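Notes follow the structure.
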Amino acid sequence: MSRAFRYRSTSEDQVSNPNQPGYGYPQDPGQNPYAQQPGAAPGQPAYGYPQQAMGAPMGAPAGYDPNAPYGYDAYGRPLSNKSKIVAGVLQLFIGGLGIGRFYTGHVGMGIAQLFTCGGMGIWSLVDGIIFLTSDSRTDKDGRVLRG
């Protein structure tokens, strides 16, 4: 005995009752579904409201950290707004002037490279290669350069 299988739509499963409120509305007119739950500690946020870090600017996503505005890398270190690729290319092509170091905010190292012509080109060449290949180069604030 074979039975034919027929798909049913969700509207066939749900019978609308005019005495019940629609989906998403409180069941009792005086009930607030987002109110403090019984037994919850005072001062805790009520259910249903998104959590946001204290001191975050308006419109910032939940979990916003002002110390890491560009997020974190895989090791939990904050990311910089500077790019390691830009810093490496600047260092390779005009590293004799210390431009890659000025870009990342290391002014002292940039001035040293400027006065030594990038260590006669060797320092700037090695520095540019390390900028491009290393994952631990940081900017002046200690944030890891983005790839």
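Here the structure is a predicted model, which means the values were calculated and not measured.
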Using modelled atom types only, decide if a donor and an acceptor are shared between the side chain of Tyr103 and the backbone of Ser83 within a distance under 3.5 Å.
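Checked: pair present.
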Side chain Gln91, main chain Gly100, donor-acceptor under 3.5 Å:
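Yes: the side chain of Gln91 pairs with the backbone of Gly100.
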Any chance you could measure [X], atom [atom1], to [Y], atom [atom2], to the nearest 0.5 Å?
X: Leu92; Y: Asp127; atom1: CG; atom2: CG; answer: 9.0 Å
X: Arg137; Y: Ser80; atom1: CZ; atom2: OG; answer: 13.5 Å
X: Met109; Y: Arg101; atom1: CE; atom2: CZ; answer: 4.0 Å
X: Phe102; Y: Leu97; atom1: CZ; atom2: CG; answer: 9.0 Å

Do Asp73 and Arg146 pass the salt bridge (Lys or Arg N to Asp or Glu O under 4.0 Å) test, and can you show the C-alpha distance, the side-chain angles, and the key distance before you say yes or no?
CA-CA 9 Å; Asp73 69 350; Arg146 293 188 292 158; over 6 Å; no
Under 4.0 Å between a side-chain nitrogen and a carboxylate oxygen: does that hold for Lys84 and Asp135?
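Between Asp135 and Lys84 there is a salt bridge, with a charged N closer than 4.0 Å to a carboxylate O.
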Taking all atoms of both residues into account, what is the closest heavy-atom pair of Asp139 and Asn81, and its distance?
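Taking Asp139 first and Asn81 second, the nearest heavy atoms are OD2-OD1, 4.4 Å.
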Answer yes or no: are there more than 12 heavy-atom neighbours, outside Ile122 itself, under 6.0 Å from its atom CD1?
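Atom CD1 in Ile122 is not crowded, with 12 or fewer foreign heavy atoms closer than 6.0 Å.
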Would one find more than 12 heavy atoms of other residues, nucleotides or ligands at under 6.0 Å from atom OH of Tyr72?
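For Tyr72, atom OH is crowded (more than 12 foreign heavy atoms under 6.0 Å).
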Centre of Tyr70's six-membered ring, under 6.0 Å away, within 45 degrees of the axis: is that where NZ or CZ of Arg143 sits?
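Pair Arg143/Tyr70 does not count as cation-pi.
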Flag the pair [X] / [Y] as yes when at least one side-chain heavy-atom distance between them is below 4.5 Å, and no otherwise.
X: Val86; Y: Leu145; value: no
X: Trp123; Y: Gln113; value: yes
X: Thr138; Y: Thr104; value: no

Can you get from Ile129 to Val126 by hopping between Ile, Leu, Val, Met, Phe, Trp and Tyr side chains that sit under 4.5 Å apart?
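No.
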Same cluster or not: Ile94 versus Leu114, using hydrophobic residues (I, L, V, M, F, W, Y) connected whenever any side-chain heavy atoms lie under 4.5 Å apart?
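Yes, one cluster joins them.
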Among all residues two or more places apart in sequence or in another chain, which pass the side-chain hydrogen bond (donor to acceptor under 3.5 Å, both in side chains) test with Ser134?
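side-chain hydrogen bond (donor to acceptor under 3.5 Å, both in side chains) list for Ser134, sorted by chain: Ser136.
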